[in-house]
Every structure is written in structure tokens, then in C-alpha cells.
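Reviewing the structure listed below.
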Amino acid sequence: MVREIKENERNELLNLYLYLHEKFIPEMTEQLNNTWETIMKDKNHHIIVNEVDNKIVSSCVCVIIPNLTRNVRPYALIENVVTREGYRGKGYATECLNYAKEISEKENCYKMMLLTGSKEDATLKFYRNAGYNSSDKTAFVQWLE
């Protein structure tokens, strides 16, 4: 079942992120609690999850960004697309991305963007099959410390 995350599911999401690129679950600090609270209150920040057998198995984040161009239409940024091992290849992440697309269309976004650090053919094919392309834009990243 695809839906938005519930406030009491933070720890389950943090466990899922171990399948993304995290090496450990962050310490439960005031900063983590404040960040979670900020995300939960932000109407433009959507953490989408796919639940199977009462377990979150896949997720993505969709942030709607207000914009003054393109006829004052917002755009969406997709991040943190992840699926637990053992549940991959079954369409769960695609369902999350489709839910993000529904939100983006409802919010009248003119585009959705995502970046991936993966060079794996299977991952790139997955994003292409989900409707994304890598030919329209060139992405640049500057990492900050």
C-alpha cells in the first residue's frame, strides 16, 4: 500500500535508509528530532512509503518547490529512492514514484527532477522506465562539508 509516512514511523524509515547509502542509524539527537518535526509540518515535503505485510519496504521523498518562472508553477525534486533487498524488482519503488507524480500533478508542477549517484545499468533503466530521462538537463553537484 503506497501512502505518505506517519509521524510514528521515523525509526522504520531510518532503518530503510540503511539500504540506501547510510552506514548506521543516526543518534536520536535534538537535531534529528527537530528535523523530523520540520519535515512533518512542511506541506511541501512528502515522504512516500510502500508498506507490505505491515513493513515499509520502499520509499522516496518528493519536495514541491515554489517557483517564480514557468507561469509561477512549482517543480518537484525526488530524492532518497530506496527499496529493501528482497523486495526489489517487484514494482514497489515505481509505485512510490507514481504517487510522487500524482502529488506533483495535483500541485501543478511543470517538471519533476531526480539525481542518482548510481552508474548501474539496472538503476538507470529503472528511472528511464519510470518516465525520467537523462538527456534534457545536465546535473552538477557541489558537496558541502
Side-chain angles (χ1 to χ4, degrees), residues 1-68 70 72-134 137 139-145:
M1 170 178 72
V2 181
R3 58 176 172 77
E4 292 204 43
I5 199 161
K6 298 172 187 165
E7 195 161 348
N8 67 344
E9 294 175 319
R10 177 189 64 190
N11 293 346
E12 192 171 355
L13 181 67
L14 292 174
N15 276 298
L16 178 63
Y17 283 168
L18 294 173
Y19 295 93
L20 187 59
H21 48 67
E22 298 300 308
K23 302 290 184 233
F24 56 88
I25 295 172
E27 193 176 321
M28 296 300 158
T29 62
E30 185 177 344
Q31 180 186 5
L32 185 136
N33 290 330
N34 290 342
T35 300
W36 181 251
E37 188 175 315
T38 299
I39 290 169
M40 289 291 96
K41 289 180 180 177
D42 186 349
K43 70 178 183 68
N44 288 320
H45 200 129
H46 305 270
I47 300 176
I48 299 158
V49 297
N50 203 332
E51 180 184 344
V52 177
D53 299 326
N54 297 315
K55 181 188 329 185
I56 294 175
V57 300
S58 191
S59 180
C60 74
V61 172
C62 176
V63 180
I64 307 299
I65 302 169
N67 182 38
L68 294 173
R70 302 288 180 152
V72 196
R73 291 176 66 192
Y75 57 93
L77 179 64
I78 307 300
E79 266 291 338
N80 299 336
V81 180
V82 60
T83 301
R84 285 181 181 277
E85 287 181 20
Y87 291 87
R88 294 179 181 161
K90 299 177 190 315
Y92 298 127
T94 299
E95 290 176 353
C96 289
L97 291 174
N98 288 341
Y99 194 97
K101 184 176 181 180
E102 290 174 18
I103 291 170
S104 301
E105 289 173 336
K106 182 178 139 248
E107 295 296 328
N108 196 31
C109 292
Y110 77 94
K111 70 178 175 183
M112 297 173 67
M113 298 184 298
L114 68 79
L115 299 171
T116 181
S118 176
K119 306 291 186 233
E120 297 289 326
D121 286 336
T123 302
L124 302 178
K125 182 180 177 185
F126 164 73
Y127 288 126
R128 283 188 199 98
N129 287 342
Y132 295 84
N133 75 70
S134 58
K137 297 271 186 177
F140 292 89
V141 175
Q142 184 178 85
W143 297 101
L144 306 174
E145 291 191 36

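In terms of the side-chain hydrogen bond (donor to acceptor under 3.5 Å, both in side chains) criterion, Glu102 has no residue partners (sequence neighbours excluded).
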Original post:
Please walk me through it: do Tyr17 and Val82 pass side chain to side chain contact (heavy atoms under 4.5 Å, CB included)?
Top reply: CA-CA 7 Å; Tyr17 283 168; Val82 60; 4.1 Å; yes
**OP:** Tell me, with the steps shown, if Ile64 and Ser104 meet side chain to side chain contact (heavy atoms under 4.5 Å, CB included).
**Re:** CA-CA 7 Å; Ile64 307 299; Ser104 301; 4.0 Å; yes
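Scanning all heavy atoms of the two residues, the minimum distance from Ile78 to Val81 falls at CG2-CG2, 3.9 Å. Across all their heavy atoms, Tyr110 and Arg70 have their closest contact at CZ-CG, 3.2 Å.
Taking CD1 of Ile39 as the reference point, atom CD of Glu7 lies at 11.0 Å (rounded to 0.5 Å). For the atom pair CH2 of Trp36 and CZ of Arg10, the computed distance is 7.5 Å after rounding to the nearest 0.5 Å. One finds the CG atom of Leu114 at 11.0 Å from the CG atom of Asn80 (value rounded to the nearest 0.5 Å). The CG atom of Leu20 sits 9.0 Å away from atom OG of Ser59, with the distance rounded to the nearest 0.5 Å. In this structure, NE2 in His45 is found 7.5 Å from CE in Met40, a value given to the nearest 0.5 Å. Atom CD of Glu4 is separated from atom NE2 of His46 by 5.5 Å, given to the nearest 0.5 angstrom.
Side-chain contact between Leu32 and Glu27 is absent, with no heavy-atom pair separated by less than 4.5 Å. By the 4.5 Å heavy-atom criterion applied to side chains, Lys55 and Tyr87 are counted as neighbours. Under the 4.5 Å side-chain criterion, counting only non-hydrogen atoms from C-beta, Glu95 is not in contact with Ile48. A 4.5 Å side-chain heavy-atom check between Pro74 and Ile65 finds every atom pair outside the cut-off. Side chains of Pro26 and Leu14 form a contact here, defined as non-hydrogen atoms less than 4.5 Å apart. By the 4.5 Å heavy-atom criterion applied to side chains, Arg128 and Leu124 are counted as neighbours. With a 4.5 Å cut-off on side-chain heavy atoms, Lys137 and Leu115 do not count as touching. Looking at heavy atoms from C-beta onward, Leu97 lies in side-chain contact with Phe126 at the 4.5 angstrom threshold.
A donor-acceptor pair under 3.5 Å links the side-chain atoms of Arg84 to the main chain of Ile56, judged by distance alone. Of the possible polar contacts, one joining the Asn67 side chain to the Arg73 backbone as a donor-acceptor pair under 3.5 Å is found.
Heavy atoms of other residues, nucleotides or ligands lying less than 6.0 angstrom from CG of Asn133 number more than 12.
A salt bridge links Glu9 with Arg3: the closest approach of a Lys/Arg side-chain nitrogen to an acidic carboxylate oxygen falls below 4.0 angstrom.
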